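Accompanying notes for the structure given below.
This one's a predicted model, so the numbers in the text were calculated from it and none came from an experiment.
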Amino acid sequence: MQSLFDSGPFAPCPAPFNLADHVLFQRGSAQPAAADAMALAVLAVQANAEASTSPGQQPSPQVQSWTYGNLRAAVRGTGTGLLAQGLKPGDRVLLRLGNTPIFPIAYLGAIAVGLVPVPTSSQLTEPEVARIIDDLSPAAVLRDPEVRSVPHPHEIDRDSLEAMQRHAPAEDRFQMPLGDPDRPAYIVYTSGTGGNPRAVAHAHRAIWARQMMIRHWYDLRPDDRLLHAGAFNWTFTLGTGLMDPWSIGATALIPVEGTPVTALPELLRQHRASLFAAAPGVYRKLLQADGLPDLPALRHGLCAGEKLSGQLARSWHQTTGTQLYEAFGMSECSTFISADPARDRDAAEVGDTLGWPQPGRRVAILDPDGNPVPRNTPGVIAIDRHDPGLMLGYVNAPEATRDRYRGDWFLTGDLGEMTGDGQIRYLGRNDDVMNAGGYRVSPLEVEAALMAHPDLEQVAVTSVEVKPDTHIIVAFYTGAKDVTAEALSTFAKTRLARYKQPRAYLRLDALPSGANGKLLRRALPDCYIRHQRTPS
């Protein structure tokens, strides 16, 4: 039997179409959410542990909230205000905004009027932002002065964006252009094998395709209250935590900036969250804390960004009585393989397999010639090139875009095998992209940043498992001068976002290499482990 899953195509995206219109008015649902229904609550830990915000109750003064009516008005006002700034449909706008609701509202406001937003992490450094501006030539930068950026001739500051939200035009005077579902809607960045992050352009239809994960990963319902542990400006939060709940009329719950991980269980309890989404590392930290409160409203947890271990899933279930469901995807196609709450799995399969390709997808495990391999045989995970959630392409990189396709397939760059019952077992990447707390990071990008240090001769970076299920980025280096780890850490802070910075540095006499002198990157973790075991 071949490693091929094909349940038939997903329902085609309607045309004309607008991503923001779909999200705000739940175009895939029977009817839009009522204007007074709760769309978003930004949560802070309440002094009174018995207080709660549940459906039908007034929110606590410590909760910032938006109804669907408020959200629609804020998006209309933002979109109209951006056009009044001289921007025109098709223009790219770079988002350098903090971890507040301004971020998703500006994102949707731009898409609503035909602009193409580029959401970015607030952790990026000035050189990283400068490269993005040089790459994309955005017409404007939406800027929070507290977020690092570089000068741009057209900056729209946070205060101006807030003012736009308060001056929404009447709905009958607001034009949300509908058009070709294949036209560009937004651009996100991902790390690639070439060492530099690539700009990935997505179409408006991408939001339509997310219905497959809403049904077969989240089991998300209109009456759900989904709490996402991530920041507003993380793409995992933007999609899973906000756009998807809003697209069916559910309630999104986001912790206020600065909320410690240890406070999340109490927020889940106080606000009766029915679903919880976070990277596996967050679940691990919660289990390491001093006990978890009873969470009677929680149906299950969702995780993505890094591989979920079976041990972690079993520990969570034993402690809370709820299951964790993971998903696999990428910036080029979001998630398309996932565990499904509606399908039973043997306990031994959790952590061993990712789950199944979502119904509506066409997924295969391919050999080097692009042909599906037999079941239980390793190969490259691939998805149909016509999948509605797949990217339009890499911006300004047509050759890199073409290289990702082979015949009818898009090659993910990840290795896996398909079991007899159609589940996908993840076998790692066939390149060396690392995972840092849910973010994918290219070692070549980190190495290039560190090699700017004048006293280094060679640098190699990789991910090292320092204890079960815990990985850190480690930099290995050589140099004629004695450069300390502290000095390199300080140097990295000026050139790399926090999540890209190595957590450890190890000086070597020489980097491991093969007979041809090529770096043996996979030998690096053993170098670090041996060093840790050697008495000082």
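R210 and S247 share no donor-acceptor pair across their side chains, judged by distance under 3.5 Å alone. Using modelled atom types, one finds no donor on one side chain facing an acceptor on the other under 3.5 Å when comparing R92 with S137. Inspection of the W234 and S121 side chains reveals no N or O donor paired with an N or O acceptor under 3.5 Å.
For the pair H228 (side chain) and G239 (backbone), a donor-acceptor distance under 3.5 Å is absent. Q501 places a side-chain N or O within 3.5 Å of a backbone atom of L496 that can act as its donor or acceptor partner. Without hydrogens or angle criteria, R225 side chain to A252 main chain gives no donor-acceptor distance under 3.5 Å. The backbone N or O of V461 sits nowhere less than 3.5 Å from a side-chain atom of Y477 that would complete a donor-acceptor pair.
Side chains of R343 and Y325 form no contact here, defined as non-hydrogen atoms less than 4.5 Å apart. The closest side-chain heavy-atom distance from I365 to R375 is not below 4.5 Å. Considering only heavy atoms from C-beta on, S274 comes within 4.5 Å of D224 through its side chain. Side-chain contact between C527 and R530 is present, with at least one heavy-atom pair separated by less than 4.5 Å. Residues R148 and L124 fail the side-chain proximity criterion, which asks for heavy atoms closer than 4.5 Å. Inter-residue side-chain proximity for T125 and T494 is flagged as unmet; no heavy-atom pair is nearer than 4.5 Å.
The number of heavy atoms from other shown groups lying within 6.0 Å of CD (Q311) does not exceed 12. Heavy-atom neighbours of D344 CG from other residues, nucleotides or ligands within 6.0 Å: at or below the threshold of 12. Within 6.0 Å of NZ in K285 there are 12 or fewer heavy atoms belonging to other residues, nucleotides or ligands.
Using a 30° and 60° split on the angle between ring planes, F336 and F328 fall in the perpendicular class, above 60°. In this structure, W217 and F236 have parallel ring planes: the angle between them is below the 30° cut-off, well short of the 60° mark.
A salt bridge does not link R362 with D387: none of the charged nitrogens is closer than 4.0 Å to a carboxylate oxygen.
Put simply, CG on L4 and CG on D6 are 6.0 Å apart, with the number rounded to the nearest 0.5 Å. With values rounded to the nearest 0.5 angstrom, I207 atom CD1 is found 10.0 Å from C13 atom SG.
Of all heavy-atom pairs between P117 and A185, the closest is CD-O, 3.1 Å.
Tested against Y189, the residues V395, V118, V200 include a single side chain to side chain contact (heavy atoms under 4.5 Å, CB included) partner, V118.
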